[in-house]
Visitor: 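Structure incoming, see below.
The structure presented is a predicted model; accordingly, all values stated were derived computationally and were not measured.
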Amino acid sequence: MPSQVWLRAASTGWRATGVLWRWGGAIPDRASNTMEMLSVVQARQAEAVGHKVELRGWVRTRRDSKGGFSFVELNDGSCLGNIQVIAEKNLPNYESEILHLSVGSSVIVRGEVRASPAKGQATEVLAETITLVGTADPENYPLQKKQHTFEFLRTIAHLRPRSNTFGAVTRVRNCICRSIHNFFQERGFFWVHPPIITASDCEGAGQMFRVSTLDPAKPPLKEGQIDYSQDFFARPTFLTVSGQLEAEIFACSLGKVYTFGPTFRAENSNTSRHLAEFWMVEPEMAFFDLNDNMDLAEAFLKRVFGDVLTQCDEDMRFFEQRIEPSARTTLEGIVNSEFRRLSYTEAVDLLIKSGQKFEFPVAWGTDLQSEHERYITEQVFKCPVILYDYPRQIKAFYMRVNDDDRTVRAMDVLVPRVGEIIGGSQREERLDVLEARMREMHLDPTAYWWYLDLRRFGTVPHAGFGLGLERTVQFVTGMANIRDVIPFPRTPGIADF
RNA sequence: UCCCCGAUAGCUCAAUGGUAGAGCAACCGGCUGUUAACCGGUUUGUUGUAGGUUCGAAUCCUACUCGGGGAGCCA
């Protein structure tokens, strides 16, 4: 009974030490006769030798020896590696069950951790009992002991977390999220929660998903138009595309804040770098200018990458070996280097003088193309690059206008392979300039009365940026397609699972 | 949304107008402190869907669906 096992495990005190143990803390210094419930990552440590343990997980593969025993590779998701379980033929269910354990079946193993006499693993578990919990019919179980394409794994999104790659992605993604929170929390930022459902329909960041409870077959009409006054919120509402404006509200009260949650874009984008639902981190800081913003973005990325390197070493070595040979070395290089900072104008000059042939021409005043950004970050500097001070006509209304009147205090952080990973700016804090900019971009200032109030009452310079979580996971792991770094990707035409 | 490429066994792929195959997996047997185990044997098909051309179509044509690469938009 799982509940009994749980109680017994709790009484041995492993829960109190488990977390420390996992991250390099001490393993209990006694080889007790009491059964301890361990994860595979714990049982694989040499310090676990001599402990009586219970392990629970899924069979990855089985190898039988006519010498009278079987090797069962057990994985429980706690780490990339499996624990090798030795099942001898004197086990009562050896013939009936263990010899038929197939890939994907779930088992509970009790036994003693021993030093492994063979190469390939530090420890192994000599089973005293193996309880079959759930079978997985090998004729029908889709996951095999071989490499699958990511396209195929996407069609079995409910089973792909059991694959090595997706398990590693999930652990690294979790590490990145923990690191994000730690970074901000340690620096006195408050995590704020802007609404998912918003009434702002023109935040300037692309097409939005409509939220409505009206019957699409027969919506209430008023003068030929849909009457949203009869909708749930008595007005048109949408899924948020960004929590930035709300974050500004809290930054102008609490100083330093960040949002971290899902955002939505209804763009018909079919690329390996876009999702309709993705997670975004948006810090916003009062009294920060663009230089402070760039400093923070750089320190932030270095912290996250550094944490992944130290906390996900096994997974990162897997990505290096199987997915992207430069995955680890790229991160190591970044943690110990300085990001290259370059104004938009300097970047345009550099591109024009490079003599490089581009499909699209480079000209001051137009947005840089993917090929231009890639050339700068991959060919010229071979490291993250921060571009700043973009032409005002290609950037959003809320970005602070420079004294030259031609550029705004915007910044993009570009990284190799992925491109733009962070976009941010210093915000326009001058009421008259902001209103003029809104009219220039044909936005109605009255719809943003609350946003303008922040400039009317105790306005302060402030700045912030947005980081795409999935692009960060992509960059860190080297995974080529963004659909393979989020559990259940949403893209045009696809909302399975 | 645009351009290019693709869809064949459970999976990865061959077969370029003339009888649909291999590797892996699965199953059976052998061997082994093994470790992507190894060796031998067996089973597996509405060739993405719908039309068309042809004596004959996996193969050529059209439309659609899905996937990949690139572009635009962006995180």
Visitor: If only side-chain N and O atoms of A:Arg483 are considered, is one of them under 4.0 Å from the OP1 or OP2 phosphate oxygen of B:rG68?
Guide: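 Yes, within the criterion.
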Visitor: Using a heavy-atom cut-off of 4.0 Å across all strands, would you classify A:Glu73 as base, sugar-phosphate, or nothing?
Guide: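 Since a base atom lies under 4.0 Å of A:Glu73, the category is base.
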Visitor: Could you check whether A:His274 gets within reach of a base, just the sugar-phosphate, or nothing at all, counting any heavy atom under 4.0 Å?
Guide: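 Base contact.
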Visitor: Is A:Lys302 salt-bridged to A:Glu298, cutoff N-O under 4.0 Å?
Guide: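 Here A:Lys302 pairs with A:Glu298 in a salt bridge, since their nearest N and O are under 4.0 Å apart.
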Visitor: The side chain of A:Phe71 is closest to which nucleotide in this list: B:rA75, B:rU34, B:rA37?
Guide: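 Nearest to the side chain of A:Phe71 among the choices is B:rU34.
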Visitor: How would you label the contact of A:Arg374 with the nucleic acid (heavy atoms, under 4.0 Å): base, sugar-phosphate, or nothing?
Guide: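 Sugar-phosphate: the residue A:Arg374, judged by heavy atoms under 4.0 Å, touches backbone atoms but no base.
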Visitor: Determine whether a donor-acceptor pair (one donor, one acceptor, N or O, separation below 3.5 Å) exists between the side chain of A:Ser269 and the base of B:rC73.
Guide: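 For A:Ser269, whose side chain was compared with the base of B:rC73, there is a donor-acceptor pair (under 3.5 Å).
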Visitor: Whole angstrom is fine here: how far is it from CE in A:Met411 over to C1' in B:rA75?
Guide: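 Distance check: A:Met411 CE to B:rA75 C1' gives 13 Å.
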Visitor: Kindly point out which of B:rG68, B:rC11, B:rG72 is positioned nearest to the side chain of A:Glu151?
Guide: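 Nearest listed nucleotide: B:rG68.
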Visitor: Which one, B:rC74, B:rU34, B:rU12, comes nearest to the side chain of A:Phe152?
Guide: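 Shortest atom-to-atom distance from the side chain points to B:rU12.
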Visitor: Would you say a side-chain N or O of A:Asn481 is under 4.0 Å from OP1 or OP2 of B:rG69?
Guide: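 Yes, such a contact exists.
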Visitor: Between A:Thr149 and B:rU12, does any side-chain N or O lie under 4.0 Å from OP1 or OP2?
Guide: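 For B:rU12, OP1 or OP2 has a side-chain N or O of A:Thr149 closer than 4.0 Å.
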Visitor: Rounding to a whole Å, what distance do you find between A:Glu88:CD and B:rU34:C1'?
Guide: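 Value for this atom pair: 14 Å.
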Visitor: Taking any strand in view, what nucleotide pairs with B:rG33 in a Watson-Crick or G-U wobble way, both distances under 3.5 Å?
Guide: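 Checking every strand shown, B:rG33 finds no partner, since no pair has both distances under 3.5 Å.
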Visitor: With a 3.5 angstrom cut-off on both distances, give the Watson-Crick or G-U wobble partner of B:rA71, or none if there isn't one.
Guide: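 By the stated definition (distances under 3.5 Å), B:rU1 pairs with B:rA71.
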Visitor: For A:Pro142, report the nucleic acid contact type (base, sugar-phosphate, nothing); a contact means any heavy atom under 4.0 Å.
Guide: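 Here A:Pro142 touches no strand at all.
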Visitor: Watson-Crick or G-U wobble partner for B:rG17, using a 3.5 Å limit on both distances?
Guide: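 Its partner: none found.
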Visitor: Just checking A:Leu469: base, sugar-phosphate only, or nothing, at a heavy-atom cut-off of under 4.0 Å?
Guide: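 The residue A:Leu469 makes no contact with any strand.
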Visitor: Quick one: which of B:rC73, B:rG67, B:rU34 gets closest to the side chain of A:Arg63?
Guide: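 Shortest atom-to-atom distance from the side chain points to B:rU34.
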Visitor: Can you identify which nucleotide, out of B:rA71, B:rU35, B:rG68, has its nearest atom closest to the A:Gln84 side chain?
Guide: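 Nearest to the side chain of A:Gln84 among the choices is B:rU35.
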Visitor: Give A:Phe69 one of three labels, base, sugar-phosphate or nothing, depending on what nucleic acid heavy atoms sit under 4.0 Å from its own.
Guide: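 If one applies the 4.0 Å heavy-atom cut-off, A:Phe69 turns out to touch a base.
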Visitor: Can you find a donor-acceptor pair, distance only, under 3.5 Å between A:Arg114 side chain and B:rG33 base?
Guide: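 Looking at the base of B:rG33, it does pair with a donor or acceptor on the side chain of A:Arg114 (distance under 3.5 Å).
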Visitor: Please work out if A:Glu124 contacts a base, only the sugar-phosphate, or nothing of the nucleic acid, heavy-atom cut-off 4.0 Å.
Guide: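 Base contact - A:Glu124 has a heavy atom under 4.0 Å of at least one base atom.
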Visitor: For B:rA63, give its Watson-Crick or G-U wobble partner with both distances under 3.5 Å, or none.
Guide: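 In the structure as shown, B:rA63 has B:rU49 as its Watson-Crick or wobble partner.
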Visitor: Mind checking the C1' distance from B:rC3 to B:rG72? Whole angstroms is fine.
Guide: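 That atom pair is separated by 11 Å.
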Visitor: If you find the nucleotide of RNA chain B closest to A:Glu359 and the one closest to A:Gly493, which residue's nucleotide is nearer the 5' end?
Guide: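 Of the two residues, A:Gly493 wins.
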Visitor: It should be established whether A:Arg62 places a side-chain nitrogen or oxygen under 4.0 Å from OP1 or OP2 of nucleotide B:rA36.
Guide: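 Indeed not, no polar side-chain atom of A:Arg62 lies that close.
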Visitor: Checking only heavy atoms, does the side chain of A:Gln121 share a donor-acceptor pair with the base of B:rU34 at less than 3.5 Å?
Guide: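 Under the 3.5 Å cut-off, the side chain and the base do form a donor-acceptor pair.
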Visitor: Starting at CG of A:Leu159 and ending at P of B:rC11, how long is that distance when rounded to a whole Å?
Guide: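 Rounding to the nearest Å, CG of A:Leu159 and P of B:rC11 are 14 Å apart.
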Visitor: Could you tell me how far B:rG23 sits from B:rA15 if I compare only their C1' atoms? Round to whole Å.
Guide: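 Looking at atom C1' only, B:rA15 and B:rG23 are 15 Å apart.
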Visitor: Which residue, A:Arg154 or A:Arg322, contacts RNA chain B at a nucleotide closer to its 5' end, judged by nearest heavy atom?
Guide: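 That would be A:Arg322.
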Visitor: If I take atom CD1 in residue A:Ile156 and atom P in nucleotide B:rU12, what distance separates them, rounded to the nearest angstrom?
Guide: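 Atom-to-atom, A:Ile156 to B:rU12, this comes out as 10 Å.
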Visitor: Categorize A:Ser116 for me: base, sugar-phosphate, or nothing, with a 4.0 angstrom heavy-atom threshold over every strand shown.
Guide: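 It contacts base atoms.
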Visitor: Any idea which of B:rC74, B:rG72, B:rA37 is nearest the A:Thr271 side chain?
Guide: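 The nucleotide sitting nearest to the side chain is B:rG72.
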Visitor: Of the nucleotides B:rA75, B:rA26, B:rG33, which has the atom closest to the A:Ala118 side chain?
Guide: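 So the side chain of A:Ala118 is nearest to B:rG33.
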Visitor: Reckon A:Ile494 touches a base, only the sugar-phosphate, or nothing at all at heavy-atom distances under 4.0 Å?
Guide: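 Sugar-phosphate contact only.
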Visitor: Could you tell me whether A:Asn270 contacts a base, only the sugar-phosphate backbone, or nothing, with contacts defined as non-hydrogen atoms closer than 4.0 Å?
Guide: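 Base contact.
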Visitor: Starting at CZ of A:Phe150 and ending at C1' of B:rG69, how long is that distance when rounded to a whole Å?
Guide: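 About 16 Å, once rounded to whole Å.
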Visitor: Just checking A:Glu470: base, sugar-phosphate only, or nothing, at a heavy-atom cut-off of under 4.0 Å?
Guide: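 If one applies the 4.0 Å heavy-atom cut-off, A:Glu470 turns out to touch nothing in the nucleic acid.
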Visitor: Hey, does A:Ser70 reach any base, or is it just sugar-phosphate, or nothing, if we go heavy atoms under 4.0 Å?
Guide: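 Since no nucleic acid heavy atom lies under 4.0 Å of A:Ser70, the category is nothing.
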Visitor: Taking atom C1' in both B:rU12 and B:rU49, what distance in whole Å separates the two?
Guide: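 It works out to 23 Å between them.
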Visitor: Quick one: A:Lys89 NZ to B:rU32 P, roughly how many Å, whole number?
Guide: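 Value for this atom pair: 12 Å.
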Visitor: Respond yes when some side-chain nitrogen or oxygen of A:Ser370 is under 4.0 Å from OP1 or OP2 of B:rG72, and no when none is.
Guide: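 Yes, such a contact exists.
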Visitor: With C1' as the reference atom in both, quote the distance from B:rC13 to B:rU1 in angstrom, rounded to an integer.
Guide: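 The answer is 32 Å between these two C1' atoms.
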Visitor: Check whether the aromatic ring of A:Phe278 stacks on the base of B:rA75, taking stacking as ring centres less than 5.5 Å apart and planes within 30° of each other.
Guide: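 The ring of A:Phe278 is stacked on B:rA75.
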